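Quick caveat, the model's predicted, so the values are computed rather than measured.
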Amino acid sequence: MRFLAVGATNTLVGYLIFSAFTLWVFADVHLGYLLSLALSYVVGISLAFVLYRRFVFVVHGHLLRDFARFVSVYLVAIGINAVALPLLVEVVRVPPLLAQLIILVGTTLLSFFGHKKFSFRRSGTE
């Protein structure tokens, strides 16, 4: 339940930031939705790390290691997103905001398992 609550909050914040930048800041920029994507991930990673670490996986110590692992999981997610988003928008002609919603389903699941099994994994001795 905590993962869903934190994930929903983080996803909503990230999506709202993506939408705001796409609609208002980069509206007239060719492929501006990709700039919006990058900026929304910067904010999303920062917010998510604190919330997941404190409220979902409840771990202590190893802050820098956890953050490096956390970012690496998000790098996979943003890589998938950065490839899928232009494909949906430019090839399939899905509007950017809808395309991002579609992609969020898969990257959210990927992120959960990546964080559970890698980012915040602890051995039995920690």
Side-chain angles (χ1 to χ4, degrees):
M1 282 314 265
R2 290 179 298 191
F3 175 79
L4 290 176
V6 168
T9 300
N10 189 61
T11 301
L12 179 63
V13 169
Y15 184 74
L16 290 174
I17 291 167
F18 172 82
S19 299
F21 278 113
T22 299
L23 294 173
W24 297 312
V25 178
F26 301 118
D28 297 328
V29 176
H30 179 63
L31 302 177
Y33 58 85
L34 290 176
L35 295 171
S36 301
L37 178 67
L39 292 171
S40 69
Y41 262 88
V42 169
V43 173
I45 287 171
S46 304
L47 175 63
F49 180 72
V50 171
L51 295 177
Y52 283 132
R53 186 176 162 80
R54 175 153 300 183
F55 298 111
V56 176
F57 298 106
V58 192
V59 296
H60 303 284
H62 304 292
L63 182 69
L64 294 177
R65 183 190 74 184
D66 289 349
F67 187 71
R69 287 179 171 192
F70 189 82
V71 169
S72 70
V73 169
Y74 267 103
L75 286 175
V76 172
I78 196 171
I80 291 168
N81 207 328
V83 170
L85 188 58
L87 284 174
L88 287 174
V89 173
E90 304 300 325
V91 176
V92 183
R93 307 308 263 175
V94 176
L97 300 184
L98 178 58
Q100 183 61 13
L101 275 176
I102 292 166
I103 295 164
L104 279 174
V105 173
T107 56
T108 299
L109 290 172
L110 170 78
S111 294
F112 170 72
F113 289 109
H115 297 316
K116 182 177 182 180
K117 301 292 185 185
F118 182 67
S119 300
F120 300 112
R121 181 179 49 98
R122 297 290 193 258
S123 67
T125 61
E126 294 182 75

Nearest-0.5 Å distance, CG of residue L12 to CD1 of residue I17 = 9.5 Å
Measure the acute angle between the ring planes of F70 and F67, then classify it against the limits of 30° and 60° as parallel, tilted or perpendicular.
-> parallel
Considering non-hydrogen atoms only, spot the tightest contact between V89 and A99 and give its length.
-> CG2-CB, 4.0 Å
F26/L39 under side chain to side chain contact (heavy atoms under 4.5 Å, CB included): CA gap, chis, key distance, verdict | CA-CA 11 Å; F26 301 118; L39 292 171; 3.7 Å; yes
Closest heavy-atom contact between G14 and S40?
-> O-CB, 3.4 Å
Are V50 and L63 in one and the same hydrophobic cluster, where Ile, Leu, Val, Met, Phe, Trp and Tyr link if side-chain heavy atoms are under 4.5 Å apart?
-> no
Path from V92 to L37 over hydrophobic side-chain contacts below 4.5 Å | yes
Verdict with supporting geometry, Y74 and V42, side chain to side chain contact (heavy atoms under 4.5 Å, CB included) = CA-CA 10 Å; Y74 267 103; V42 169; over 6 Å; no
Check the hydrophobic clustering (I, L, V, M, F, W, Y; side-chain heavy atoms under 4.5 Å; chains of links allowed) and say if L109 and L75 are grouped together.
-> no
Does a side chain donor of either Y52 or N10 reach within less than 3.5 Å of an acceptor in the other side chain?
-> no
Can you find a pair of side-chain heavy atoms, one from D66 and one from F49, that are under 4.5 Å apart?
-> yes
To the nearest 0.5 Å, how far apart are CG in L104 and CG in L110?
-> 12.0 Å
Might you point out which heavy atoms bring R2 and F55 nearest each other, and give the distance in Å?
-> CD-O, 2.9 Å
S72 side chain to R69 backbone, donor-acceptor under 3.5 Å | yes
Say whether I78 and L31 are linked into one hydrophobic cluster, either directly or through other cluster members, by side-chain heavy-atom distances under 4.5 angstrom.
-> yes
Taking C-beta and beyond as the side chain, do F18 and Y41 meet within less than 4.5 Å on heavy atoms?
-> no
Between H62 and R53 the two heavy atoms that sit nearest each other are O-NH1, 4.4 Å
Determine yes or no for a side-chain-to-main-chain donor-acceptor pair under 3.5 angstrom, with Y15 supplying the side chain and L97 the backbone.
-> yes
Is it possible for you to say whether L85 and I102 belong to one hydrophobic cluster, with membership spreading through side-chain heavy-atom contacts below 4.5 Å?
-> yes
Which pair of non-hydrogen atoms, one from P86 and one from N81, has the smallest distance, and what is that distance?
-> CD-O, 4.1 Å
